[in-house]
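Working notes, beginning with the structure itself.
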Amino acid sequence: MQRAFDSGARMRGTFPSMSQVRVRFAPSPTGFFHIGSARTALFNWLYARHTGGTFILRIEDTDKERNSEAFLNLIYDSMAWLGLNWDEGPKVGGAYGPYRQSERGHIYKEYVGKLMAAGRAYEKDGAIWFKLLGERHEVFDEHRKKTVTKVKLPPVVIEDQIRGRVERIEDEDFVIVRSDGNPVFHLVNVVDDIAMNVTHIIRGEDHLSNTSKHVHLYEGFGVKPPAFAHIPLILKQNGPGKMSKRDQGALIEEYQRRGYLPEALVNFLCLLGWNPGDDREKMPIAEIIKLFDLPGVNQSNARFDDKKLAHMNMAYLLEQPADRFVTLAREYFARQTENAAAQAALAADPAYFREVMLLSQPKIKGVEELPAYTAYFFSETYAIDAKVKEKVMAKGDPKARLQELAAALAAPEANWTTDAAIEETMKGLATAKGLGFGDYQAVTRLALSGTNVGPSITTMIRVLGRERVQARIARFLA
RNA sequence: GCCCUCAUCGUCUAUCGGUUAGGACAGGAGAUUCUCAAUCUUCAAAGCGGGGUUCGAUUCCCCGUGGGGGCACCA
């Protein structure tokens, strides 16, 4: 690889080996961090980790009008949450900094100077344009309703790592520095990739059409372009078009807020456009890193499916160790400041909270269900589901059954300490009366929780404890 | 309008010329359990159309059609 203007590596005297992979994720802090950006970051990160290369985070904040520090922090937070750590970039530094384009103005100026000196750039209307080399002629563009200068050139050939050979003709000079003095995306993007020694550009397919401009720029700088890999886009769940920041379910922070497990989201995102070549779906990230490679990336766009994501999240949730699950639950509850049930749960004894959460773990799809699912454990004002009540009270004499159970549990020899003991009490009672377990289960559940969903009735009785159980039954029978 | 790109069940996908076209999510049915989930079994569900190439095309080529992206002094 020849580098005519390598101010990055050369000036600092660092010469990484040419086989060393360097990839970058280059977001602009102009909006919320969304699913598509996250997956681009993820694929770059995976490729770096797979190859033992370097993952660079570069902030493309040249659009002064739309940048915001809040959005920038959101990028940092979201990436940290997803576990996408960067080897070079803001906060961690590196030999090729600064890593915010707003701080690299002098570098762009230098590079533009080189183009000017080489006759590959010129000024027009106060802006600086990149000059294509070829025969020129004027034509009127019907679509844009203006006269433009066309340059006759053979097509640019891109050997894309994912899409194969792509050809595209670039036939108009383009602006590289605006009349206000600010460099445009194409210029800064290419300059930084040269200066930062980037070897592989992995980005969304929406950039494929830009690539011909970029290749011309590389050529203008006398630098061999890096490898390109354009990944398919993520389409919105419903309706036409690619997913954008304002689509339902598009924001990473939303999943964070809703208590999704980041490893579940990452696993799901990996599968959107990539697969290991066999039937495996749920895989540890270490395994994905081992298997991930550019040729394994699909060429067609993928539609986002929140049901599948929810399923993946549940699968991960089920296998969480008790401590982590309880921590996740507590953190989620703490964020629900407006939710009375959540606040009541937090106010409860931590050991009791923990037990209730753990018995709910195998029952739920996401922690966001927890406050409502467990509300009756923490409050005496739980609602009685009218439909369930109607159904339960319809057959037999449920109140009599409940009365009998209350009496059995009140007996001095009744053991409340284990699920098995409680089950023995209930089953013994049912047998003695010539009835089934279900005759006692349903009405007891209704009385204790007001619903027909929840953990095992014996567990519920044990965890709620004698005091609550007796009070609730009495109230129900009154 | 021009340029680029993609095309297998509703969705995500496997198949690198020969398969009963497989898996997962979602959906239906059943089993199991004290309810609800989970789990297990099971059912239904696909090669966009037309031409080629080939003994043989989902697979390779071409043309349509459809989807997606791009065509800025946004990134």
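Quick note on labels: first sequence line is chain A, next is B, and so on, each numbered from 1. Source: prediction; values computed, not measured.
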Distances under 3.5 Å only, N/O to N/O: pair up the protein atoms with those of nucleotides 43-45 of chain B.
none

Distances under 3.5 Å between protein N/O atoms and the N/O atoms of nucleotides 62-64 of chain B, please, pair by pair.
none

Scan nucleotides 4-6 of chain B against the protein and return all N/O pairs shorter than 3.5 Å with their distances rounded to 0.1 Å.
{"from": "U5(B)", "atom 1": "O2'", "to": "R163(A)", "atom 2": "NH2", "distance (Å)": "3.3"}
{"from": "U5(B)", "atom 1": "O2'", "to": "E205(A)", "atom 2": "OE2", "distance (Å)": "3.3"}
{"from": "C6(B)", "atom 1": "OP1", "to": "Q299(A)", "atom 2": "OE1", "distance (Å)": "3.2"}

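Looking at residues 396-410 of chain A, you'll see that no heavy atom sits under 4.0 Å from any atom of RNA chain B. Residues from residues 28-35 of chain A that place a heavy atom under 4.0 Å from any atom of RNA chain B, listed by number: S28(A).
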Donor-acceptor contacts under 3.5 Å from residues 424-431 of chain A side chains, at least two apart:
{"from": "T425(A)", "atom 1": "OG1", "to": "A421(A)", "atom 2": "O", "distance (Å)": "3.1"}
{"from": "K427(A)", "atom 1": "NZ", "to": "E423(A)", "atom 2": "OE2", "distance (Å)": "2.7"}
{"from": "T431(A)", "atom 1": "OG1", "to": "K427(A)", "atom 2": "O", "distance (Å)": "2.8"}

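Partners of D173(A) by side-chain hydrogen bond (donor to acceptor under 3.5 Å, both in side chains), not counting sequence neighbours, listed by chain and number: Y122(A), R136(A). Qualifying side chain to side chain contact (heavy atoms under 4.5 Å, CB included) partners for T40(A), counting only residues two or more places apart in sequence or in other chains: F25(A), N44(A), I231(A). Every side chain to side chain contact (heavy atoms under 4.5 Å, CB included) that V453(A) has, sequence neighbours left out, goes to Y373(A), T451(A). Remark: K389(A) pairs with no residue by the side-chain hydrogen bond (donor to acceptor under 3.5 Å, both in side chains) rule, at least two apart or across chains. With sequence neighbours excluded, no residue forms a side-chain hydrogen bond (donor to acceptor under 3.5 Å, both in side chains) with Y332(A).
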Letter per nucleotide, 5' to 3', of nucleotides 30-37 of chain B [B base touched, S only sugar-phosphate touched, - untouched; heavy atoms, 4.0 Å]
----BBBB

